[in-house]
Structure formats: structure tokens, C-alpha cells
Amino acid sequence: DAMVIQNPRYQVTQFGKPVTLSCSQTLNHNVMYWYQQKSSQAPKLLFHYYDKDFNNEADTPDNFQSRRPNTSFCFLDIRSPGLGDAAMYLCATSRDDSGTYEQYFGPGTRLTVT
Amino acid sequence: GDSVTQMEGPVTLSEEAFLTINCTYTATGYPSLFWYVQYPGEGLQLLLKATKADDKGSNKGFEATYRKETTSFHLEKGSVQVSDSAVYFCALSGGGGADGLTFGKGTHLIIQP
């Protein structure tokens, strides 16, 4: 089945220690998104890639970076995680020519910062 | 900017009860509307969608109708099951093709046997 895969599902890192979360997709969608979801809150968009073009949300901290080496993969890098960065990180994909603009989400990576 | 307002929970119902979760939106243009469901510890799953006025999205017994005159997209189900317990998010896409979704705050639904 075509899907969005995130690894790892659970990640523990230390305060200030860089961490990378990964996302891959078999849907061949040209747009990939990263959302941050804190407990009992709605997902908040951090940034997205439209093909190779990176689009950052205005209020996304500089501590968060992303890479998309090819259509299938996208990475979220947190350069110096703080306690406030503990959250679920969701990757999503969509096709910009779908006409309906729905996004397909992966299962998420739960990040804990100690 | 765009926004979505949905009733906040938790909403607690008995099995086989009728469900309504209200959702209203503010947007320029003609957004697409979605309901997503999130089970504990999981990502979001698309439940249903509607892309234009008067469209009805439906899936797994859930329905929602895109009402442009009232800017609403209420989620309904005639008879809920314990397995429907989850958090439900109403969302819209501004129609730019690559825009992020604008979500409501989510409604936690608890179904008791």
C-alpha cells in the first residue's frame, strides 16, 4: 500500500543534542510537510517542500531545519532541542494538482527531550 | 487569515447514540474542507472531505455537508461505536495547492459501552 512512513516512532534526545527525524513516502507526491503537535493541541505547520522549493512558516524557530534530498524522503533537523520542543512531529504529503488538496499523514514521531 | 472553530470536548456519549461535532470556518475564497481523526499515539487519518458548496463527504458512517451560507461543516454519525473514540479535527485548505492545513483545536470523543 502507498503510504507515509516516519522513523523512528519514538525518539529520546538530550537537551541541546542535535536530532534528525525522517519521513519517506511511496505516494509520489510532490509536496511534503512537517507539523509539530503538542499535547492536546492541533498540529502546527513548521514548513513544507513544494518539489525542491523550501517554504518556511514565519514563526518557525531557526532551530528547526529541513532537507529533502529526493522526492521520496524528507528530514527534520532540530539543531539544539530544548524542553519546549518535546512534541509529536507529523510528516504529511499532498499533490498540488489533486484539486482537493487533502494531505496524507504519517504515524508521527514522538520526541522526548531530557 | 483563515481559521476553524470546532466544539471542544471531551464529548462523552453512549454506544449507539447520535453524534454531532460542530465546525465553522472563516476563509477567503473557496476552501476545501476536511475531517481528520487521530487515535491515541497515532498520526492523522483523513476521514472525509468536501471541495465545494453543498458537497457531502461520507466515510465509515460519518457524514458532513459543506454549507457555504453558514460557513459550516458539521460532522455527524447516526450510531457511534466504542471504536469511534478518538480526537476529531476539522480542517480547511485555502486552495493554494501547497498550503498547509488550518486545523480546529480538535474534539476528544469518548464513547462508553
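All values derive from a computational prediction rather than experimental measurement. Labels below follow one simple rule: chain letters A, B, ... track the order of the sequence lines, proteins then strands, and each chain is numbered from 1.
- Remark: A/Asp62 CG is loosely packed, at most 12 non-hydrogen atoms of other residues, nucleotides or ligands lying under 6.0 Å away.
- To the nearest 0.5 angstrom, B/Gln45 atom CD is 12.5 Å from A/Tyr104 atom OH.
- Hydrophobic clustering (ILVMFWY, side-chain heavy atoms < 4.5 Å, transitive): B/Leu109 and B/Tyr39 are in one cluster.
- Across all non-hydrogen atoms, the minimal contact from B/Lys49 to A/Glu102 is NZ-OE2, 2.7 Å.
- Taking hydrophobic clusters as Ile, Leu, Val, Met, Phe, Trp and Tyr residues chained together by side-chain heavy-atom distances below 4.5 Å, B/Leu47 does not share a cluster with A/Phe105.
- The environment of B/Glu16 atom CD is sparse: at most 12 non-hydrogen atoms of other residues, nucleotides or ligands sit within 6.0 angstrom.
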Q | side chain to side chain contact (heavy atoms under 4.5 Å, CB included) between B/Glu42 and A/Met88, intermediate numbers included | A | CA-CA 9 Å; B/Glu42 300 291 328; A/Met88 175 79 90; over 6 Å; no

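- If you measure heavy-atom distances from A/Gln37 to chain B, the contacts under 4.5 Å come from the side chain alone.
- More than 12 heavy atoms of other residues, nucleotides or ligands shown are found within 6.0 angstrom of NZ on A/Lys44.
- Looking at A/Phe47, there are no atoms closer than 4.5 Å to chain B (heavy atoms on both sides), in backbone or side chain.
- By the 6.0 Å contact criterion, NZ on B/Lys68 is enclosed, its count of non-hydrogen atoms from other residues, nucleotides or ligands being greater than 12.
- Shortest non-hydrogen contact noted between A/Ala42 and B/Phe103 is CB-CB, 3.8 Å.
- For B/Phe89 against A/Pro43, the heavy-atom pair with the smallest separation is CE2-CD, 4.1 Å.
- Here the closest heavy-atom approach between residue A/Gln103 and residue B/Tyr36 is recorded as O-OH, 2.7 Å.
- Residues A/Tyr89 and A/Val113 share a single hydrophobic cluster, defined by chaining ILVMFWY side chains whose heavy atoms lie under 4.5 Å apart.
- Side-chain contact between B/Leu44 and A/Leu90 is present, with at least one heavy-atom pair separated by less than 4.5 Å.
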